[in-house]
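Within every chain, numbering begins at 1; the chains are lettered A, B, ... in the order of the sequence lines, protein sequences first and strands thereafter.
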Amino acid sequence: MNRYLLRRLAQSAIAVLGTVTLVFFIQRLAGDPTLLMLPEGATREDIETLRRQLGFDRPVIEQYLDYVWQLLRLDLGQSLVQRLAVGDIIASRLPYTLYLAAAALVVALGIGLPVGVLMAVKRDTRLERLLVAFVLIGQSMPTFWSGILLILFFAVTLGVMPASGVDGFHSVILPAIALGALTMATFARVTRTAVLEELSRDYVPAAQAKGLRFRAVVFSHILRNAATPIITVSALEIANLLAGAIIVETVFAWPGLGQLAVQSIAARDFPIVQGIVLLGSFVAISLNLLADILYSVVDPRIRLEGRA
Amino acid sequence: MNAPLLLVEDLSVAIGAARVVDGVSLSIAPGEALALVGESGCGKSLTARAIMRLLPPAARHAGGRVTLDGRELGALDADAMADMRGSALSMIFQEPVASLDPLMPVGRQIVEAVLAHRRTSRGEAAKLALAMLEEVGIPDPVRRMAQYPFELSGGMCQRVMIAIALICRPRLLIADEPTTALDVTIQAQILALIKRLRRETGTAILLITHDMGVVADMADRIGVMYGGRIVEQGEVFALFRRQCHPYTKLLLKSLPSLEGERRTRLSTISGTVPDLHSWPPGCRFNPRCPLAVDRCRTDAPPLAPAADAAHLAACWETARMAELDR
Amino acid sequence: MTAAPLLDVADLRVHYPIRRGLFRRVVGSVKAVDGISFAIRPGETFALVGESGCGKTTTGYAVLGLEKPTAGRVAFAGADFTVATGEERRRLQRDMQIVFQDPYSSLNPKLTVGESIGEPLLVHRVLHGKALAERVAELLSLVGLRPEHATRHPHEFSGGQRQRLVIARALSLRPKLIVCDEPVSALDVSVRSQILNLLMELQRELGVAYLFISHDLSVVRHLSDRVGVMYLGHIVEEAPADRLFAAPAHPYTKALLSAIPLADPVAQRARQPIILQGDLPSPANPPSGCPFRTRCPIAEARCAAEAPALRPIAEGQRVACHFAG
Amino acid sequence: MTDLAANPPPAVPAPAAPVRQLGYSVRAIWPFLVIFGGFVLLALFAPLIAPNDPNSQNLLARLRPPGTTARGIFYALGTDEVGRDLLSRLIYGARVSLLVAFLSVLVSTVLGTTLGMIAGYYRGWVEVIIMRLVDIVLSIPAILLAIITVAVLGPGLQNLILVLGFTRWPRYARVAYGQTLVVMNLPFVRASRFIGARTPRLMLRHILPNIAGAVIVVATLEFGLMVLFEAGLSFLGLGVQPPTPSWGSILSVGRNYMATAWWIATFPGICLFLLALSINLIGDHLRDRLDPRSKR
């Protein structure tokens, strides 16, 4: 364990605390959250009662500390509608979202990385232009529209795939494609840039000058060097996949966290929305940390800080 | 003169529409050291890269032949050319630290060079690498083998590069500004090392440099480049004694020296090196040349024998060189 | 030549802290400049030479106040510059200027060259409007460019021309001292002598003094009056230029001079160069005693124990070596 | 004796490289400029161009396919579930899309660039606070942050713009900060500081013009993303509220009529795709020309 990672760990802890603080204060942007929690048309007394019940009549700083303390005990509160612990509700939906996100990640990485490498290596060829067009389409397709088109074509017209819901392995394919497309495009672009950057470095002709074939240079030198920016972007992109699931799950009636979030907003079930946002941010921060750990494994200049 | 080891005939390289190397011809005998000297943008590095068939993406081969030991390099397929590199001819570069893969221990990078050409075990290759590191004067080579480029100084990295280049005993070493990025005292070490290895192995050298001092120290023969062309070529002592092209003469005169008068006006070459896309017609030096006449502005002079058969210059007005001394 | 010095640097030190760990604790320091003293008289050229990392550029920046000295005194025109603040500092800075190594990034690409050259005059509210334009035109002609160039942008100029523009900007406030940080090392060989000539002419006409920082000994020899040779944050030898190159006294100076290949194959191949072993030590962890002892061909036990002081051995020549003189 | 590059010049962002980048095939960008320009014109002159009132319902002409005439009104792209003219709704929808994207990008550009420049200029604790805040906001996935804020503030055009504007600024701040650090270290800024130029002059004359290129590149790419974000949030019912036409909400409704009235979801999808595609292409093009880091 070196200093670099310790520092990053501390930074992540600060980021988590910052996120919690931000979410706490966003909730108070509109005055106090009781208004958000009650159905429209609630009476003054209802509001007052709930305020006292939930402790919103106390000083803000006291509320904030309480809030942090509650989260530290991993307590996300109670759902206002279902009267169940938010943690349990989220836990029951999380596996579906993880399943979908993992499938989308396979699509995104499986296509994005090789396409990106090809675009860089085959620069200025017809193949590159073709791939660029492919990536641009992936990048410009709104997720919900591509989802609808996929349903229309494969489920309604061809009838080879289920249109919605979870029913066996087949059902994850279409949502995974819809969700993975944008991430695939991002991976392809980042990989292309990273590989192009490495291709322009002095060690490339030098490695060729010692007799390595171009392919060998790509595989044994360039890809490893290009990995660092890709790892960094991966963390951000996986977090974005989770967020993108909100729309895709709605389109495909996928019973994950995204659908839960949309339903909860409609039902003004605020503790659940907040729980999902906090979970998403926590995952994102953890992924960033993981990326930095990987980064330091790949790059000796960080791993061996202080040895030189 | 016996058969040349390297023969370059009418080599041209283009970037876009600009011919940045324009009809360069030269030859190197076995064991000989030829220096290509010139300012940045004169095409000397691209000439070297074209010989290696390692041109940067923006540049492309635009004509001419390169023959090494009787084999035409341009006729080889990509894999056969890769096999030639590192074994028949190899190259070291200007930025030694950047020329090594930052994520790989230097020992493995030398081993890679061995394994590219010899069917041998990793262990055997590592032994060779170790011996080679010792040969290039790296103290404590066992420890150094496991270190990464960022842990070594520039001079050390250049020694590693030299080890990589020479480990398969090539007959030609192309050294592209090998000491430019290094400090003077380190430069002296590296130049001494290259001279020693050359004596021991008999490798021929194509030295690319802008430094007239390095040329005077290292080369048997010199080719002076300006604007993508060789403007003067000759044996080193003869060329320093007498220059047959105004560019060479003015360049040598403009250098401040470690002897002679101080705080005097240095002689200059007027104007600046033009952008490589706007070379003038005729002799490319004509806008800056005090001897230029009308013909220089329209017709490019060929590289022809000037002082004697072995001393060539590309100038119409070689006979008037003495005017530059006034 | 006994005029009061324009610049007097005494025991200047610039140390950078090395921080480690979570709380960025200071665990050591890089001694970039470690106790150097020199003086520059009005209208004189004093050169600092040495290899990369020897502290010559840091010294130049510290003299100008661009780098905060850890200790020592920089007196400029009789006033202690290191403690000057506010208006006094601004007033002193008007008389000093700098020319950087890289002419390509020394000019703001988004401004016309006229705006760049006129900026010092504008900032110090010396001139504006028509008078400013006239002064800019005058400065352009002074450095060998045409007044109508004022409306162009830097990318329309070559490296040598840009360095002329940078020099014009440095001259705009009529400074008494210009710090030239490797002013010709980024230029093509064939335009280098033009800039060196320009610097020498301007000195003759305007009486400006130069602190000339360079690693190029032949350039330094050609245009400086006195030279200080730096090694690892120390001045190891200081002498009038002709003296230093004719009779170097410090083993490092000797090695440095012999390491430069002469552009004359006959003379060069007759020489027996002194080749120093090893690399420069790190300024974060300098050797004890004499900084040069790890590479010195004549070092003895005493050199590790005792740091040699800079002591005079001849008229104007000072050397920091136990065995010199 | 003469070492050109013993001290190689630092990597410089702005000044032109001595060798022009060649071999780069300039992609035909103009068709996409035309598409983008077309959408901008539609948005600007929507009331003049739209053949019908986008909100007038015609319950007798519900779900008519493109090209029908009903009660003397020609519906070029058909009608929606309450008989509104789809073409007119799409034209007004361009207005919403571009307005939200433009204003939110404007808010985040100004905010992010200012903060990033300040962090890079003053360094010290100002830098620590601003850049830590950037890290925190960036670590919350943008859509989640937008969702929770909209959920609190309530949906609507104005809130949407504010939410997007205030959640996206860290991207600009990061770029502006990084570029400011680079520019601050360039000799021309050091020289200018040295002669005593003061903060406003340094910021406005020296730093801002030289970091603007990189910021504009981010803004263009963000613009495309904001178009998609607006549509996405409206699709979820968190964006613009009915009856104001937004491509996202039209699509959301059209989804339910996919089998019977394909046109309702298809046309807004095509519009979104074309707009996003043209912006992305223009952004790429700008990046190749402006962004110092994409030099190769």
Side-chain angles (χ1 to χ4, degrees), chain C residues 51-52 57 61 64-66 89-91 93-94 96-111 115-116 119-124 153-156 158-159 162 166 169-170 172-173 175 179 181-182 184-189 192 214-219 221 260-263, chain D residues 1-21 117 123-125 127-128 179-216 289-292 295:
Chain C
E51 297 176 277
S52 55
T57 294
Y61 285 2
L64 294 171
L66 285 169
R89 195 180 178 86
R90 271 167 77 86
R91 195 177 49 76
Q93 269 178 344
R94 276 185 58 166
M96 308 172 164
Q97 282 301 328
I98 182 157
V99 172
F100 291 99
Q101 172 185 358
D102 179 15
Y104 292 91
S105 53
S106 288
L107 295 164
N108 184 341
K110 307 287 172 183
L111 299 185
E115 288 171 316
S116 281
E119 188 179 32
L121 297 162
L122 207 61
V123 165
H124 282 273
H153 283 88
H155 66 88
E156 298 173 64
S158 69
R162 288 190 212 199
V166 173
R169 179 179 61 191
S172 60
L173 289 166
V179 174
D181 183 13
E182 304 269 10
V184 294
S185 56
L187 301 179
D188 265 324
V189 188
R192 206 172 275 195
S214 177
H215 67 278
D216 188 330
L217 283 137
S218 19
V219 166
R221 175 183 179 274
I260 301 165
L262 305 173
Chain D
M1 66 171 34
T2 42
D3 275 30
L4 272 180
N7 295 297
V12 181
V19 180
R20 242 180 303 147
Q21 301 298 324
M117 265 171 71
R123 310 294 304 269
W125 59 269
E127 174 190 24
V128 172
Q179 292 289 302
T180 303
L181 286 188
V182 173
V183 175
M184 287 284 287
N185 268 319
L186 291 180
F188 69 82
V189 178
R190 304 187 77 157
S192 190
R193 289 182 85 166
F194 174 69
I195 56 161
R198 295 179 202 267
T199 302
R201 182 178 182 85
L202 288 170
M203 288 248 198
L204 298 177
R205 294 286 271 168
H206 291 297
I207 298 171
L208 188 59
N210 285 295
I211 69 169
V215 171
I216 288 170
R289 304 194 52 171
L290 290 178
D291 192 348
K295 229 188 276 166

Let me check something: any side-chain donor-acceptor pairs from residues 186-199 of chain D under 3.5 Å, sequence neighbours excluded? List them with distances.
from, atom 1, to, atom 2, distance (Å)
S192(D), OG, E119(C), OE1, 3.3
S192(D), OG, E119(C), OE2, 2.9
S192(D), OG, H206(D), NE2, 3.0
T199(D), OG1, Y121(D), OH, 3.1

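With a 4.5 angstrom heavy-atom cutoff, H124(C) touches chain D only via side-chain atoms. Proximity to chain D (any heavy atom under 4.5 Å) is shown, for E51(C), by neither the backbone nor the side chain. Residue contact with chain D, scored on non-hydrogen atoms closer than 4.5 Å, is absent for P154(C).
Considering only residues two or more places apart in sequence or on other chains, E115(C) meets the side chain to side chain contact (heavy atoms under 4.5 Å, CB included) condition with L111(C), T112(C), R205(D).
Most heavy-atom pairs under 4.5 Å with chain D, from the set M96(C), R89(C), R94(C): that is M96(C). Contacts with chain D were tallied for V123(C), L173(C), N108(C); N108(C) has the most, counting heavy-atom pairs under 4.5 Å.
Atom-to-atom distance recorded for S105(C):OG and N210(D):CG is 11.0 Å, nearest 0.5 angstrom.
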